[in-house]
Asks: 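Sharing a structure here in structure tokens format.
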Amino acid sequence: MTANPLRLMAVHAHPDDESSKGAATTARYVSEGVDVLVCTCTGGERGDVLNPAMDRPGVLEDMAEIRRKEMAEAAAILGIGHRWLGFVDSGLPGEGEPLPEGCFALQDPVVAAEPLVAAIREFRPHVIVTYDESGGYPHPDHIMTNRVAVEAFEAAGDPERHPGTGEPWQPLKLYYIASFSRAWFTAIHEGLLARGLPSPLAEMVTDDWFEGMPELAVTTRVTCDDHFEIRDRAMKAHATQIDPDGPWFAHPRDLEREVWPTEDYHLARSLVETELPETDLFAGIRP
């Protein structure tokens with residue numbers, strides 16, 4: 001449909017989300033010559049230190065700058081472009097606690113979409129990837145990321161909306177990330193047991209964490225198992241957030257390649273004809 005290089009944009013809430021959600025897909029497309037730009041809505045300033053090795057004096061106080069450096073390292077590993085959209089992390093307040101004043105989750109989605117519209121009009125992606133309406137899990141920044149990304153997808157091609165942010169550009173497809181479903185956790189868990197290995201995921205597959213979360217219909221499975229190693233390296237670059245000795249890295253990667261060699265997506269919008277199920281985010285777009 002176009003002779004120009006294909007372009008993919010991923011819209012995420014925090015630094016580290018680009019590495020934990022869809023990073024092997026990103027690495028695959030980069031290896032094929034696709035231009036990829038990740039837009040990160042917030043700086044992750046209110047993130048906790050989730051790696052015991054990084055739980056030391058001064059880290060929390062310098063979290064914003066540390067996470068910027070981690071993001072730069074992960075972007076270099078993945079071979080992607082990166083843009084900060086400039087919003088402030090909302091944190092994860094407890095039940096009944098208010099969101100911090102001025103945070104991303106309290107913004108008007110139409111207004112907050114403006115820097116993303118500008119990025120779309122400059123980068124001109126054919127495909128945008130983000131979270132579904134639930135955020136993938138109920139973090140207020142992830143839910144707002146969906147709202148902002150959908151608004152920007154719809155608005156970027158309309159010259160009447162967000163004037164002054166560049167020439168209109170209409171992306172052709174919008175996907176929601178459907179990876180790390182209960183089915184994925186169950187497959188890894190059962191694969192470990194079948195090999196006689198202990199499973200750190202036993203609680204995940206029975207926990208009520210998934211209750212009330214939508215099970216997205218998977219329309220598109222992108223085979224990317226050759227790029228799991230790059231994904232893992234990018235994740236470990238986010239050292240404050242990722243524990244290399246944690247449960248995520250406990251299962252052998254050859255087992256993951258065997259039982260679930262894809263990253264999965266739900267096609268939420270398409271302005272081109274495509275036949276479902278797909279194996280390519282650019283189905284219907286490639287020349």
Asks: Looking only at side chains, do R253 and H251 share a donor and an acceptor under 3.5 Å apart?
Replies: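 Checked: R253/H251 side chains pair up, N/O donor to acceptor below 3.5 Å.
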Asks: Could you tell me whether R28 and E32 have a side-chain N and a carboxylate O separated by less than 4.0 Å?
Replies: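 Salt bridge: yes.
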Asks: Keeping the roles fixed (side chain from S199, backbone from L193), state whether a donor-acceptor pair exists under 3.5 Å.
Replies: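 Checking the backbone N and O of L193 against the side chain of S199, no donor-acceptor pair under 3.5 Å is found.
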Asks: For E122 and R83: C-alpha separation, side-chain torsions, deciding distance, then whether salt bridge (charged side-chain N to carboxylate O under 4.0 Å, His left out) applies.
Replies: CA-CA 12 Å; E122 178 183 335; R83 178 174 297 195; 2.8 Å; yes
Asks: Rounded to the nearest 0.5 Å, what's the gap from CG on L60 to CD1 on I66? Could you check?
Replies: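 Separation between the atoms: 8.5 Å.
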Asks: Treating S179 as the side-chain partner and D264 as the backbone partner, does any N or O pair qualify as donor plus acceptor under 3.5 Å?
Replies: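 A pair under 3.5 Å: yes.
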Asks: If we only count heavy atoms from C-beta on, is the H238 to N51 side-chain gap below 4.5 Å?
Replies: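 Answer no - side chains too far apart.
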Asks: Check each of F104, Y176, Y137 against H142 using the ring pair (Phe, Tyr, Trp, His ring centres under 6.0 Å) test, and report the only one that passes.
Replies: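 Result for ring pair (Phe, Tyr, Trp, His ring centres under 6.0 Å) with H142: Y137.
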Asks: When rounded to the nearest 0.5 angstrom, what is the spacing between CD in E256 and CG in D232?
Replies: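 Between atom CD of E256 and atom CG of D232 there are 7.5 Å.
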Asks: If you count every heavy atom of other residues, nucleotides or ligands that lies below 6.0 Å from E61 atom CD, does the total exceed 12?
Replies: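 Counting neighbours around CD of E61, more than 12 heavy atoms of other residues, nucleotides or ligands fall under 6.0 Å, so yes.
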Asks: Does a side chain donor of either T240 or E70 reach within less than 3.5 Å of an acceptor in the other side chain?
Replies: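 T240 vs E70: donor-acceptor pair found between side chains.
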Asks: Between R269 and E154, is a salt bridge (charged side-chain N to carboxylate O under 4.0 Å, His left out) present by the stated rule, with each step listed?
Replies: CA-CA 10 Å; R269 307 272 198 285; E154 302 291 353; 2.7 Å; yes
Asks: Strictly by modelled atom types, are H14 and D141 linked by a side-chain donor-acceptor pair under 3.5 Å?
Replies: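 Judged by distance alone, the side chains do pair up.
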